[in-house]
Amino acid sequence: MSELMGPTTQSHLGDVAVLGLGRTGEAAARYLASLVPGRVRSVTLFGGAASEEGERTRALEAEGVRCVLGTEEVSGRYDLVVASPGIPVDSAFFRSAAACAAEVVGEPELAWRESPERWVAITGTNGKTTTTSLATHLLGEAGLPAEAVGNIGTPPTEAVPARPEGGWFVAELSSFQLATTRLLHPRVAVLLNVTPDHLEWHHTMEAYAAAKERAFANLGAGDLAVVSVDDGPCRAVASRCEARGLRVCRLSVHGEPAGPCAAFLRGGELVVRLDGVERALCRAADLRIVGLHNAENALAASAVALELGVSAEDVARGLRSFSPIEHRLEPAGTVAGVSYVNDSKATNTDAVEKALTGFAPGSVVLLLGGHDKMTDLASLAAAVRARCRAAVCYGEAGPRIAAALEAPGAGEVGELALDVVRAPRLRDAFAEAARLARPGDVVLLSPACSSFDEFSNMAERGRLFKALVAELAERGA
């Protein structure tokens with residue numbers, strides 16, 4: 001094992017603190033508590049300012065975790081602190097912990113150190129979840145045990161204890177999670193795209209892009225970097241990886257990259273070239289996931305699977321059998337000739353723009369809104385005016401989005417006559433969209449915003465949308 005592989009499962013961790021009482025913090029605390037009194041001396045969880053005693057904290061304390069609640073002041077001395085991903089590295093909470101610790105890392109870094117073999121890391125502003133799910137599916141099609149972990153929902157530390165011999169972790173890693181890695185060394189790392197997002201956390205695009213690039217920090221000559229070359233920040237990452245002597249599979253849906261490793265579309269067919277060997281897999285039209293962005297996701301997942309030894313035949317079969325994941329362009333039903341599609345996972349403008357390419361221009365009634373990330377709306381507004389018949393803007397961000405859609409310059413050549421409607425909450429917006437929709441239309445929930453003004457997460461938002469579709473169908477509307 002190289003130095004970069006980090007500690008083995010025999011290393012002594014000492015006194016450990018965990019920051020945050022969400023699912024990630026709870027999973028890390030439970031895992032660490034299972035190592036007491038052997039490799040871990042003590043576990044302390046600092047829940048944060050809004051945390052309070054409840055069933056979860058009592059269960060953790062019963063397992064030996066000391067819970068400090070209602071504060072972001074970290075006290076004591078710790079050999080290691082594990083921070084939840086929602087805590088910015090420049091926050092008072094994080095800085096307080098760093099002052100009390102020999103080292104602060106994120107939860108995926110802890111999991112990798114505990115079980116460092118057979119990792120795939122997948123990141124990007126959009127497409128991470130689909131690509132992670134699809135790569136896991138393709139490995140499974142070949143009989144390779146694989147589990148999707150990380151930002152997709154299952155904290156890696158939760159999966160480590162039951163990890164099967166020879167099993168792969170396919171980890172969806174957000175910029176938050178990657179920002180707190182140091183030794184993480186996947187066998188394959190994927191970067192799909194970098195567009196403005198989470199700037200309230202990272203503050204600058206440069207810091208955001210740098211966090212994404214950390215997925216490649218520890219790759220060696222025998223590993224594979226799969227990097228899109230369809231945007232500037234990613235092209236720069238690909239070039240830097242190549243300058244380090246890494247094997248780089250250049251990914252594109254707009255051309256055929258040169259070099260021994262590439263993944264691209266040729267005449268509508270998915271093609272992956274690794275070390276000079278080219279494999280044609282299937283037509284993009286054969287995929288159950290629609291849109292050019294999903295062809296890119298499929299190419300990335302295919303490159304991962306082929307690199308790890310899956311046959312081209314198994315990859316092609318898995319591509320054709322893979323169904324859309326929940327909350328990502330998920331069909332939610334058809335009522336009175338109108339199709340309803342749940343894309344609640346589209347929490348930024350770039351995701352919405354890509355989603356719209358999967359539908360005929362003029363057929364979409366779009367639901368936009370939620371918690372306002374204060375991102376620039378010019379590109380989104382142009383895409384909506386070019387492809388949608390109506391837009392219903394709701395929630396905290398609704399007024400600003402509506403104003404952008406109605407801004408001077410609307411109605412330029414190539415743009416449709418767009419009906420812009422305002423509504424206070426998602427339920428109201430859904431009723432307006434159903435009223436506006438005509439047979440043959442698509443009512444698309446693709447909000448371009450996070451959900452925290454009205455919901456606890458994007459999944460809760462997507463489930464409400466699907467419930468509203470079901471209610472509409474029951475009424476026979």
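Just so it is clear, the values below take in all heavy atoms, side chains as well, and ignore hydrogens, waters and symmetry mates. Values in this document were obtained by computation on a predicted structure and should not be read as measured data.
- A135 and I122 make their closest contact through CB-CD1, 4.3 Å (heavy atoms, listed as atom of the first residue, atom of the second, distance).
- L265 has its side chain out of reach of V271: every pair of non-hydrogen atoms, C-beta onward, lies at least 4.5 Å apart.
- Atoms CG and CG, on L281 and L299 in that order, are 8.0 Å from each other to the nearest 0.5 Å.
- Across every non-hydrogen atom of R461 and P447, the tightest pair is CZ-CG, 3.5 Å.
- Not one N or O on the side chain of R279 forms a donor-acceptor pair closer than 3.5 Å with the backbone of S311.
- With L368 as the partner, the side chain to side chain contact (heavy atoms under 4.5 Å, CB included) test is satisfied by one option alone out of T349, V392, L377, I401: I401.
- Screening residues 142-160 for salt bridge (charged side-chain N to carboxylate O under 4.0 Å, His left out) gives R23-E158 as the qualifying pairs, with residues at least two apart or on separate chains.
- In this structure, R163 satisfies the cation-pi test against F169, with its NZ or CZ atom closer than 6.0 Å to the six-membered ring centre and inside 45 degrees of the ring normal.
- Among R463, K345, K466, the single residue meeting the salt bridge (Lys or Arg N to Asp or Glu O under 4.0 Å) criterion with E326 is K466.
- Taking 4.5 Å as the limit, every side-chain heavy atom of H185 sits out of range of all side-chain heavy atoms of P116.
- Counting only residues at least two apart or on different chains, the salt bridge (charged side-chain N to carboxylate O under 4.0 Å, His left out) pairs with a member in residues 247-272 are E242-R250, R247-D275, R247-E307, E256-R266, R266-E278.
- Closest non-hydrogen pair, T24 versus P85, comes out as CG2-CD, 3.7 Å.
- When each of V365, D343, N342 is tested with L444 by the rule side chain to side chain contact (heavy atoms under 4.5 Å, CB included), just one qualifies, namely D343.
- Scanning both residues, L246 and G220, for their nearest heavy atoms gives CD2-O, 3.4 Å.
- With hydrogens and angles disregarded, no donor-acceptor distance shorter than 3.5 Å links the side chain of K128 to the backbone of T123.
- Listed for the D453 side chain is a donor-acceptor partner under 3.5 Å among the backbone atoms of E396.
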Margin query: Apply salt bridge (charged side-chain N to carboxylate O under 4.0 Å, His left out) to residues D314 and R317 and explain how you reach the verdict.
Written below: CA-CA 5 Å; D314 284 342; R317 185 176 67 252; 2.8 Å; yes
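- For the pair E107 and P156, the minimum side-chain heavy-atom distance is below 4.5 Å.
- Within the 4.5 Å cutoff, side-chain heavy atoms of C249 are placed close to those of L224.
- Separation of atoms CG (L173) and CG (N151) is listed at 8.0 Å; rounding is to 0.5 Å.
- At distances below 3.5 Å, at least one donor-acceptor pair connects side-chain atoms of N218 with backbone N or O atoms of L183.
- Taken from CD1 in I325 to OG1 in T129, the straight-line distance is 5.0 Å, to the nearest 0.5 Å.
- Counted by atom type alone, Y394 and E432 present zero donor-acceptor pairs between their side chains at under 3.5 Å.
- Put simply, the side chain of L191 does not reach to within 4.5 Å of the side chain of S228, judged on heavy atoms.
- V304 has its side chain out of reach of T131: every pair of non-hydrogen atoms, C-beta onward, lies at least 4.5 Å apart.
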Next item on the list: Start with the C-alpha gap between L192 and N297, add the side-chain angles, then the distance that decides, and say whether side chain to side chain contact (heavy atoms under 4.5 Å, CB included) holds.
Entry: CA-CA 8 Å; L192 296 165; N297 298 336; 4.0 Å; yes
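- What you find for S363 and G440 is that their closest heavy atoms are CB-O, 4.3 Å.
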Checklist line | Audit row: W168, R187, side chain to side chain contact (heavy atoms under 4.5 Å, CB included) steps and yes/no | finding: CA-CA 10 Å; W168 285 88; R187 171 66 176 78; 3.8 Å; yes
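- Residue pairs meeting the salt bridge (charged side-chain N to carboxylate O under 4.0 Å, His left out) criterion with at least one partner in residues 289-305, sequence neighbours excluded, do not occur; the list is empty.
- A distance of 11.0 Å separates CG of D223 from SG of C241, quoted to the nearest 0.5 Å.
- Remark: side-chain polar atoms of S344 are paired, donor with acceptor, to backbone N or O of M458 under 3.5 angstrom.
- Of the possible polar contacts, none joining the Q177 side chain to the G106 backbone as a donor-acceptor pair under 3.5 Å is found.
- Judged as a ring-ring contact (aromatic ring centres under 6.0 Å, His included), the pairs with a partner in residues 313-336 (not counting sequence neighbours) are, in order, H137-F322.
- Using a 4.5 Å cut-off on side-chain heavy atoms (C-beta onward), V237 and K212 make no contact.
- Without hydrogens or angle criteria, T357 side chain to K354 main chain gives a donor-acceptor distance under 3.5 Å.
- Under the salt bridge (charged side-chain N to carboxylate O under 4.0 Å, His left out) criterion, no residue pair touches residues 226-237, with sequence neighbours excluded.
- Considering only heavy atoms from C-beta on, L308 comes within 4.5 Å of V120 through its side chain.
- Counting non-hydrogen atoms of neighbouring residues, nucleotides and ligands closer than 6.0 angstrom, the CZ atom of R425 reaches no more than 12 such neighbours.
- Between N193 atom CG and N126 atom CG the span is 5.5 Å, to the nearest 0.5 Å.
- No donor-acceptor distance shorter than 3.5 angstrom exists from the side chain of R273 to the backbone of A262, with no hydrogens or angles considered.
- L287 CG to C282 SG: the interatomic distance, rounded to the nearest 0.5 Å, is 5.0 Å.
- Applying the ring-ring contact (aromatic ring centres under 6.0 Å, His included) criterion to F430, with sequence neighbours excluded, gives Y340, F465.
- Looking at S115, its side chain never comes within 3.5 Å of a backbone N or O of W112 through a donor-acceptor pair.
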Margin query: If you apply the rule side chain to side chain contact (heavy atoms under 4.5 Å, CB included), what do you find for S451 with T347, and how did you get there?
Written below: CA-CA 8 Å; S451 60; T347 58; over 6 Å; no
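- Of the charged side-chain nitrogens involved, at least one lies within less than 4.0 Å of a carboxylate oxygen, so that R113 and E109 count as a salt-bridged pair.
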Next item on the list: For the pair S446 and L356, evaluate side chain to side chain contact (heavy atoms under 4.5 Å, CB included) and give the outcome as yes or no after the intermediate values.
Entry: CA-CA 9 Å; S446 194; L356 289 175; over 6 Å; no
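- The backbone N or O of L178 lies less than 3.5 Å from a partner atom in the side chain of T181, making a donor-acceptor pair.
- Nearest heavy-atom pair across D376 and A378 is OD2-N, 3.0 Å.
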